[in-house]
Amino acid sequence: MAVEEQIREQIKHLPHRPGIYKFYDDKGIIYVGKAIDIRKRVSSYFNRSTQHNKKTRKLISQILRIEFTIVDNEADAFLLENNLIKQHQPKYNILLKDGKTYPYLVITNERFPRIFSTRNKINDGSRYFGPYPTGTSMYVLLELIRSLYPLRTCSYNLSQANIDAGKFKVCLEYHIGNCKGPCENLYSEEEYNQHIQQIRNILSGNLTIAKTYFKERMSEAAADYQYELAHQFKQKLDRLEDFQAKSTVVSHTLTNIDVFTITSNEKCAFVNYLKVMNGSIIATQSLELQKKLEETDQEILASIIMQLRQEFESMSREIIVNIPDLVLPLDTVSITVPQIGDKKKLLNLSMKNALYLRKEKESMQDKSKDSNEVRIMETMKKDLRLTELPKHIECFDNSNFQGDNPVASMVCFKNARPSKKDYRHFHIKTVVGPDDFASMYEVVTRRYRRLLDEGTPLPQLIIVDGGKGQLGMGVKALKDLGIYSQVAIVGIAKRLEEIFYPGDTLPLYIDKKSESLRLIQRIRNEAHRFAITFHRSLRDAGTLQTELTQIKGLGPATAEKLLTKFKSVKKIAELSQQELEAEVGKSKTKLLLAHFGKV
């Protein structure tokens, strides 16, 4: 049974239930998807395959096996999909492009919990806060907590039995006031856990409980005339308020909100997330995601919202986004696209961050392109033995059929990129008949006489499409204009990709893998395309008539194809039946053989 038949047989047994599906090739999982109805979703890949884009068709062609997992609802499908994508990193799923891991603050699951930074989340019952976009922002928060609360930093097993047995002694942290010595039973577990609960609130963005605690302790100390202790509580309260003041306050009228914005280009999507609690932004994240199957912004954002809300442990019941018609399996959460007010300002702030990331990444790509182009031009300068970097290159090509409507083209490349505004067409005016040499002399002369008259800078390199004959006429034109010493000129022959220099009897053969040869070929092919396109437009206007177009049943496209390759009707008439069939098929070969009297 063929693979496609096996797949279709598998689809027949898929359930009409919500869940996830996994596509496998011979090496493993290549795609994970979610669905409200697994069978309908998977069937859509194969029933409407002609409507899919190129990337999706490629995915479908590689599927050898399908597996699925049923879940209770669409929300569970979202979460399971995210987990599987993180675990397996399938090549056709949306992935974080940089793949970096962000830091968390963890409160350990142990007696007298510790708090420290980590980049690895472990399922051991500890509470993780974050991730934080930078280590700096995380350490500022960690330093605040350590200045407010005397927590232990040791990794001892502080069980009551170990403490009672006197296994531990207080360390330097105790003597300098950073720890109260729970290892020697000097710090009650109840008070310690009370401080841990306040830390959890601070890390969740709720500073009110901690501020109230320090205010009450300050008042109690002052009432007991313990002014030094009251001053210590006052300093801690000031640190909290100073930290809150430095947080980005959006609006005191806003409570808990998640903000997501997205912008994208053909290859990547850029997402920003703002987590707002009690009117302040307490977390922010900007992500670049690589597209795999030309996903829409709605599809990408829906997936990343579920993932980020899970990572940041967000319970916000309002989500603000910048695109309409977003569907999420969150029944108790409202999704809005605000148009005015504080929420609109918040949305704009998030969008600025997403756009900044996009601009930064695209700028880096442009710089990378510029670097590649400089390298290619330097390679070409070395390969062609040029005295200048070929930043400006022009290439000429002729086109005619049996002498009819001779034309020429000139294409221009600047910094190794096409400069299409500088492309030029030429009608051959002074040459009668199919004379490529004389035509080359005419167009080179006309082109550079005009540049000289206009005072426009000359290129660093001229390429003529052809061998020694065409190159010689290009050289003669430059000499007659008096600029031969000012610009380099070479010719490229099609058959063996030989590079000819003026005055050299032997051609230069550049390594076939060389970037400079590939650029020369690209420029030559572009010149040929440009000339052929111009010539075709003239013929389409009724300017071309040949013997072949008079054959009943043989269209102009076939005539053009044969004349383009073999140049004349005479050469076409000399072809064997097998050669003609290889070009135009059996039925049209019979028409040609009958016309040439070979039947």
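Values reported hereafter were calculated over all heavy atoms of this structure, with side chains retained and with hydrogens, waters and symmetry mates removed.
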Can you see which heavy atom on [X] is nearest to which on [Y], and at what distance?
X    : Y    : answer
D26  : L64  : N-CD1, 3.4 Å
M440 : M473 : CB-CB, 4.5 Å
R358 : T263 : NH1-OG1, 2.7 Å
P338 : K344 : O-CD, 3.4 Å
V407 : A531 : CG2-O, 4.1 Å
P390 : M380 : CG-SD, 3.7 Å

Just wondering, do [Y] and [X] contact through their side chains at under 4.5 Å, heavy atoms?
X    : Y    : result
S264 : K291 : yes
K22  : Y31  : no
Y273 : I305 : no
S516 : I376 : no
V487 : L461 : no
Y423 : P418 : yes
V490 : F500 : no
I66  : I7   : yes

Flag for [Y]-[X]: side-chain donor and acceptor within less than 3.5 Å:
X    : Y    : answer
H528 : E526 : no
S286 : N353 : no
K586 : Q577 : no
E394 : Y448 : yes

Give a yes or no on whether a salt bridge exists between [X] and [Y], defined as a side-chain N under 4.0 angstrom from a carboxylate O.
X    : Y    : answer
E378 : K382 : no
E388 : K381 : no
R65  : E67  : yes
E574 : K571 : no
D480 : K476 : yes
E498 : K468 : no
E442 : K429 : no
D504 : R385 : yes
D422 : K414 : yes

Side chain of [X], backbone of [Y]: donor and acceptor closer than 3.5 Å?
X    : Y    : result
T445 : Y441 : yes
T589 : G585 : yes
S61  : K58  : yes
N415 : R417 : no
S419 : K421 : no
Q460 : K391 : yes
S303 : E299 : no
D383 : I510 : no
S350 : F260 : no
E288 : F270 : no

Open item on the list: Check this for me: L355, atom CG, are more than 12 non-hydrogen atoms of other residues, nucleotides or ligands nearer than 6.0 Å?
Closed with: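 Atom CG in L355 is packed in, count exceeds 12.
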- [ ] Go through the steps for I11 and R39 under the test side-chain contact (heavy atoms from CB on, under 4.5 Å), then give the verdict.
- [x] CA-CA 6 Å; I11 292 172; R39 187 190 296 185; 4.3 Å; yes
Open item on the list: Could you go through S439 and N398, starting from their C-alpha distance and side-chain angles, then the distance that decides it, and tell me whether this counts as side chain to side chain donor-acceptor pair (under 3.5 Å)?
Closed with: CA-CA 7 Å; S439 297; N398 297 322; 4.9 Å; no
Output the distance between atom [atom1] ([X]) and atom [atom2] ([Y]), rounded to the nearest 0.5 Å.
X    : Y    : atom1 : atom2 : value
E581 : E579 : CD    : CD    : 11.0 Å
I30  : D25  : CD1   : CG    : 5.0 Å
R446 : L451 : CZ    : CG    : 13.0 Å
D397 : R524 : CG    : CZ    : 9.0 Å
L562 : E583 : CG    : CD    : 7.0 Å
E295 : L301 : CD    : CG    : 13.0 Å

- [ ] In sequence, state the C-alpha distance, the side-chain angles, and the governing distance for I323 and V337, and then conclude on side-chain contact (heavy atoms from CB on, under 4.5 Å).
- [x] CA-CA 7 Å; I323 55 175; V337 184; over 6 Å; no
- [ ] Decide side-chain contact (heavy atoms from CB on, under 4.5 Å) for S514 and T379; before the verdict, give the C-alpha distance in whole Å, the side-chain angles of both, and the deciding distance to 0.1 Å.
- [x] CA-CA 8 Å; S514 169; T379 303; 4.2 Å; yes
Open item on the list: Ring centres under 6.0 Å, that's the criterion: do H425 and F530 meet it?
Closed with: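 Centroid distance H425-F530: below 6.0 Å, so yes.
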- [ ] Would you check if the distance from the ring center of Y45 to the ring center of F23 is below 6.0 Å?
- [x]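 When the ring centroids of Y45 and F23 are compared, they turn out to be within the sub-6.0 Å range.
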- [ ] Test I300 against T296 for side-chain contact (heavy atoms from CB on, under 4.5 Å), laying out the working first.
- [x] CA-CA 6 Å; I300 296 171; T296 65; over 6 Å; no
